[in-house]
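Notes for the one structure printed next.
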Amino acid sequence: MLEFMDYIQHAFYNVSGWNYENSYSQLTATARALLDFETPRGLRLNLSSLSSPNFATSYAIGSVGLVDGSLSYLYTSLPLQTTSQSGKIDLHDVIHGYRQIQELRRPEESWMWEEWQTGKRIDKRDSLLYGRLYLPQSTLEALYLRQISPTQQLKLSAVSDGRLRNGGTILALHQYDTGKYSAETLYSTDGGLLGLRGLYNFGPDPRQEITEPPRTEDRFYGRFSAGAEMYYGSLNKSGGVSFGGRFATLPAHKGVPLTATLTLNPLMGNLSTTYTVKAGKNLALCSKFDFNVYSYESEVKLGCELWRMKTRIPKERERSIAAKLDWRLDPVEQNPAPEPEEVVGVLKARVDQNWKIGLLWEGRVKELLFTLGSSIDMKRKDQPFRAIGLEIQYSS
């Protein structure tokens, strides 16, 4: 489950119109959500608040052997009119599961952001500032996010910790997204790392007007995306490269939604494939196969998620003022619109070829969001439960 500050950051992306999913780093996001989820350890409590549309705070305290915690503050120049109460937040926004790839959006033109007054430009670029202090380690984490234009964004991340080399590290990331393709360049002071990655979406260009209707009658109506990344460490003189592709069905697809990915790291000889299918309205299944062409080692992992829903109780309609004055009842609706279903929780499970099992139950009780999970090793008969934890979140 997303932490409150991550939820607010995603709300900033949605309000500003930035598509953070159109990136090579998000190529296998669906498989990671179903197979690589983290299980909590010990007990952890998070208290958060969006005190104003521009300012948010969060406090966390946990107990894993020793008591630790953190203080977080966030400011954004763009007012966020988003739901912040934990009792009203849509769980689909804080629990990542099967991701339905959406149609590409046409980015706004740069002139649409211009604001003029008495012959001078007065428009400003939206930005976000975030800071987090971990106690008692005294580790400081900071984030600066600024939108340069409708297609460009700058992201600076920094960590200050005496246990790190040089006392900390800084990561600079420049993102360029036109919808049809995206490119990212990054630099990290940790090892002098330089990187470049990009993603290209085959099919119609959202920047151009579409004259032909989509061919939804095809057996598989979706989009194929391909990308690559390259990085080089100037201090340790080492580099890396990877390639990847993804096919995912679009919302207009009339069959079963599915997502398939293939990634390759030629230097390390790693080949990874994933296949995710939404087998039912509330059920998704995922499989992953990793193979190394040099050592011939392989790994298989299976996972699933099951959403539990409940029908909302329809609210009783009060008599209208006109009906009360006429001493009569309001007419009964013949075909009332059904109430939308409400998410109660989601169960996630995974298992690999070594019989290591991960279980996670996320949901809401009253005004609290909770995450309950456990890691199990079936080969250790004496102590199969390796870890168990509970995380509780409350926000206002």
Side-chain angles (χ1 to χ4, degrees), residues 1-2 10 13-14 18-38 90-105 177 179-182 184 197-204 206 214-229 242-265 270-291 298-307 343 346-352 358 360 362:
M1 181 178 293
L2 286 180
H10 286 181
Y13 289 143
N14 294 332
W18 184 264
N19 185 10
Y20 67 93
E21 292 188 343
N22 191 31
S23 168
Y24 181 76
S25 61
Q26 300 295 320
L27 193 72
T28 59
T30 295
R32 294 200 307 266
L34 271 69
L35 298 177
D36 299 333
F37 55 84
E38 294 185 4
D90 187 355
L91 292 185
H92 288 98
D93 295 334
V94 293
I95 300 177
H96 280 173
Y98 182 88
R99 295 191 182 184
Q100 175 65 67
I101 301 299
Q102 303 296 320
E103 296 282 358
L104 295 175
R105 296 177 296 183
D177 182 13
K180 180 66 174 179
Y181 63 90
S182 67
E184 297 174 306
R197 59 191 179 199
L199 181 70
Y200 183 84
N201 299 301
F202 293 85
R215 301 176 57 181
T216 57
E217 69 277 0
D218 292 346
R219 182 178 180 182
F220 294 103
Y221 175 69
R223 181 170 67 244
F224 179 74
S225 305
E229 68 174 351
S242 70
F243 304 93
R246 178 189 63 196
F247 176 81
T249 56
L250 294 173
H253 177 60
K254 298 180 180 179
V256 177
L258 59 88
T259 302
T261 65
L262 171 65
T263 56
L264 174 64
N265 188 329
N270 291 329
L271 176 69
S272 178
T273 62
T274 67
Y275 181 77
T276 311
V277 59
K278 198 167 184 181
K281 181 180 179 181
N282 303 318
L283 175 64
L285 306 174
C286 182
S287 62
K288 181 180 180 181
F289 176 73
D290 293 333
F291 181 74
S298 61
E299 180 181 358
V300 178
K301 189 180 294 186
L302 303 176
C304 69
E305 68 171 6
L306 178 63
W307 292 77
V343 179
V346 58
L347 174 64
K348 293 184 179 182
R350 67 165 180 259
V351 61
D352 60 15
L360 196 68
E362 299 175 299

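- Annotation: side chain of Ser298 is in contact with side chain of Phe289 (closest heavy-atom distance under 4.5 Å).
- Looking at heavy atoms from C-beta onward, Arg223 lies in side-chain contact with Leu104 at the 4.5 angstrom threshold.
- Under a 3.5 Å cut-off, the side chain of Gln100 and the backbone N or O of Thr249 do form a donor-acceptor pair.
- Note: Glu229 CD to Leu27 CG = 10.0 Å, rounded to the nearest 0.5 Å.
- Atom CD of Glu38 is surrounded by 12 or fewer heavy atoms from other residues, nucleotides or ligands within 6.0 Å.
- Scanning both residues, Ala279 and Leu285, for their nearest heavy atoms gives CB-CD1, 4.1 Å.
- Atom CZ of Phe247 sits about 10.0 Å away from atom OG of Ser225, to the nearest 0.5 Å.
- With a 4.5 Å cut-off on side-chain heavy atoms, Leu250 and Ile101 count as touching.
- Using a 4.5 Å heavy-atom threshold, the side chains of Lys180 and Tyr200 count as touching.
- The aromatic rings of Trp307 and His92 sit parallel to each other, their planes meeting at less than 30°, with 60° as the upper class boundary.
- Taking the side chain as every heavy atom from C-beta outward, Arg32 and Gln26 approach each other to under 4.5 Å.
- Put simply, CG on Asn19 and CG on Asn14 are 9.0 Å apart, with the number rounded to the nearest 0.5 Å.
- For the residue pair Asn22 and Ser182, the shortest heavy atom distance occurs at O-OG, 3.0 Å.
- Minimum interatomic distance between Leu34 and Arg350 (heavy atoms only, all atoms of both residues): O-CB, 4.4 Å.
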In sequence, state the C-alpha distance, the side-chain angles, and the governing distance for Ser242 and Asn265, and then conclude on side chain to side chain donor-acceptor pair (under 3.5 Å).
CA-CA 4 Å; Ser242 70; Asn265 188 329; 5.9 Å; no

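- Nearest heavy atoms, Tyr221 versus Glu103: OH-OE2, 3.3 Å.
- Put simply, CZ on Phe37 and CD1 on Ile95 are 12.5 Å apart, with the number rounded to the nearest 0.5 Å.
- We find the CZ-CH2 distance between Arg105 and Trp18 to be 10.5 Å, quoted to the nearest 0.5 Å.
- The salt bridge (charged side-chain N to carboxylate O under 4.0 Å, His left out) search around Asp352 returns none, not counting sequence neighbours.
- Atom OG of Ser272 and atom CG of Asp290 lie 4.0 Å apart (nearest 0.5 Å).
- Without hydrogens or angle criteria, Lys348 side chain to Ala33 main chain gives a donor-acceptor distance under 3.5 Å.
- Look at Lys301 and Asp36 and you find a salt bridge, because one of the NZ, NE, NH1 or NH2 atoms lies within 4.0 Å of a carboxylate O, short of that distance.
- With hydrogens and angles ignored, the 3.5 Å screen pairs a side-chain donor or acceptor of Tyr98 with a backbone N or O of Leu258.
- The main-chain N or O of Gly179 is found under 3.5 Å from a side-chain atom of Asn201 such that the two form a donor-acceptor pair.
- The two residues Ser25 and Ser23 make their nearest non-hydrogen contact at OG-OG, 2.9 Å.
- The two residues Glu305 and Gly97 make their nearest non-hydrogen contact at OE1-CA, 3.2 Å.
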For Thr261 and Thr274: C-alpha separation, side-chain torsions, deciding distance, then whether side chain to side chain donor-acceptor pair (under 3.5 Å) applies.
CA-CA 5 Å; Thr261 65; Thr274 67; 2.2 Å; yes

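- Pairs of residues two or more places apart, or lying in two chains, that qualify as side-chain hydrogen bond (donor to acceptor under 3.5 Å, both in side chains) and include a residue from residues 276-285 are Lys281-Glu341.
- The side-chain heavy atoms of Pro251 and Gln102, taken from C-beta on, include a pair separated by under 4.5 Å.
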